[in-house]
Amino acid sequence: MRNDMFDRRGLLRAGLVAGGLAAGTAAGGALFAQAAAGVAPDERPGTPDAAWAALREGNRRWASGAATHPHQDAARRAALAQKQDPFAVVFSCIDSRVPPELVFDTGLGDLFVLRTAGHTIDPLVTGSAEYGPAELGTPLVVVLGHQRCGAVTAAAESLQEHRKLPGELNRIATSLQSAYKRSGGDVDKMIRLNTIDVVNQLKKDKLFAPRIAKGKLKVIGGYYSIDTYEVTRLV
């Protein structure tokens with residue numbers, strides 16, 4: 001009798017495990033079927049203004065301590081398995097305190113992110129920025145400067161003291177030389193001027209300019225405050 005009881009319990013446990021695995025497999029299959037069909041969990045903002053509004057709302061959540069960390073669940077990962085469609089390009093500094101995905105409370109598949117020290121730009125960076133708008137119709141590019149930028153501070157000190165930075169770091173100072181001269185050495189003003197300079201440079205880009213003229217793309221500049229966690233628009 002005892003052996004029969006153990007056999008029945010073993011069969012019951014095996015059935016429950018098999019049922020759970022089947023349910024999990026079915027759920028996963030549904031998610032991947034959804035992804036294969038090109039069905040996203042939600043629609044991306046389709047215009048430059050709608051994209052900026054979405055970023056502003058995400059930043060408000062972040063700044064107020066109410067971040068939702070969206071688009072990171074299994075359904076989102078499955079929907080992105082075969083295709084991505086980000087609604088904005090964010091070009092920012094490498095500073096560890098200013099990750100765009102967190103600052104704007106976004107998730108997987110929402111942003112193309114480019115980061116260089118002091119958000120300095122060169123042809124390779126420009127080409128990377130071009131990919132989203134040119135290939136996928138991404139409607140917004142945001143150049144994001146930030147308070148107390150270490151790279152800009154180091155460049156300003158180097159230029160003031162006529163002292164070269166080591167290695168390739170000196171290229172950063174050279175790139176920021178114009179902003180330094182116009183700022184009078186004021187680092188915060190220098191950060192803002194460099195942001196505006198990069199925006200104006202990207203607006204003239206041969207792939208961006210026609211899309212901007214048609215209203216399909218906007219290139220804007222923002223400034224992130226490390227003190228308040230808020231992004232304000234510069235241009």
* Mind checking the CZ-OG1 spacing from R171 to T116? Nearest 0.5 Å is all I need. => 13.5 Å
* Structure fact -> Tracing side-chain contacts under 4.5 Å among Ile, Leu, Val, Met, Phe, Trp and Tyr outward from V90 reaches W52, L55, W62, F87, V98, L102, V103, F104, L111, V113, L140, V142, L144, I220, Y224, I226, Y229, V231
* Asked: Mind checking whether V89 and L80 sit in one hydrophobic cluster, side chains of I, L, V, M, F, W, Y counted as touching below 4.5 Å?
  -> no
* To do: Identify, with sequence neighbours excluded, every residue that meets side chain to side chain contact (heavy atoms under 4.5 Å, CB included) alongside S128.
  => L114
* To do: Could you tell me which non-hydrogen atom of P45 sits nearest to which non-hydrogen atom of A54, and how far apart they are?
  => CG-CB, 3.9 Å
* Structure fact -> Separation between CD (Q72) and OG1 (T106), nearest 0.5 Å, reads 8.5 Å
* What do the steps show when you test R182 against K189 for side-chain contact (heavy atoms from CB on, under 4.5 Å), and what is the final call? -> CA-CA 9 Å; R182 286 176 288 137; K189 187 175 181 180; over 6 Å; no
* Structure fact -> Residues pairing under side chain to side chain donor-acceptor pair (under 3.5 Å) where one sits in residues 86-102, two or more places apart or in two chains, turn out to be D95-R97
* Asked: Do the side chains of V141 and V235 join up, straight or via other hydrophobic residues, at under 4.5 Å, putting them in one cluster?
  -> yes
* Flag the pair K181 / S178 as yes when at least one side-chain heavy-atom distance between them is below 4.5 Å, and no otherwise. => no
* Asked: How many angstroms lie between CG in L202 and CG in D197, if you round to the nearest 0.5 Å?
  -> 11.0 Å
* Are any of the side-chain heavy atoms of S225 and T232 separated by less than 4.5 Å? -> no
* Asked: When you measure from the side chain of T153 to the backbone N and O of C149, does any donor-acceptor pair fall under 3.5 Å?
  -> yes
* For L124, which fellow cluster members are found when Ile, Leu, Val, Met, Phe, Trp and Tyr are connected by side-chain heavy-atom distances below 4.5 angstrom, either directly or through intermediates? -> none
* Interatomic distance, L193 atom CG to S183 atom OG [nearest 0.5 angstrom] -> 6.5 Å
* Structure fact -> In terms of heavy-atom contacts, M190 and Y180 come closest through CE-CB, 3.6 Å
* CG of N200 to NZ of K204: how many Å apart, nearest 0.5 Å? -> 6.5 Å
* To do: Begin from the C-alpha positions of Y223 and T195 and carry the test side-chain contact (heavy atoms from CB on, under 4.5 Å) through to its verdict.
  => CA-CA 8 Å; Y223 177 89; T195 301; 5.9 Å; no
* Asked: Between E130 (side chain) and L207 (backbone), is there a donor-acceptor pair under 3.5 Å?
  -> no
* Asked: Does N59 reach the main-chain N or O of E230 with its side chain, forming a donor-acceptor pair under 3.5 Å?
  -> no
* **Close side-chain approach of L136 and Y131, heavy atoms under 4.5 Å** => yes
* Asked: Under the 3.5 angstrom rule, does the side chain of R115 hit a backbone N or O of C93 as a donor-acceptor pair?
  -> yes
* So, for G46 and A50, which heavy atoms are closest and what is the spacing to 0.1 Å? -> N-CB, 4.5 Å
* Asked: With the threshold set at 4.0 Å, does a side-chain nitrogen-carboxylate oxygen contact exist between D110 and R76?
  -> yes
* Distance in Å, L169 CG paired with I172 CD1, rounded so as to fall on 0.5 Å steps -> 5.0 Å
* Do the non-hydrogen side-chain atoms of V125 and H119 ever get within less than 4.5 Å of each other? -> no
* To do: Check side chain to side chain contact (heavy atoms under 4.5 Å, CB included) between P70 and all other residues, then give those that pass, not counting sequence neighbours.
  => R61, T68, D105
* Has the side chain of R44 got a donor or acceptor atom that lies under 3.5 Å from a matching backbone atom of P86? -> yes
* Asked: Taking the side chain as C-beta and beyond, is there a heavy-atom pair between Q201 and D205 under 4.5 Å?
  -> no
* To do: Quick one: list whatever passes salt bridge (Lys or Arg N to Asp or Glu O under 4.0 Å) with D188, sequence neighbours left out.
  => R192
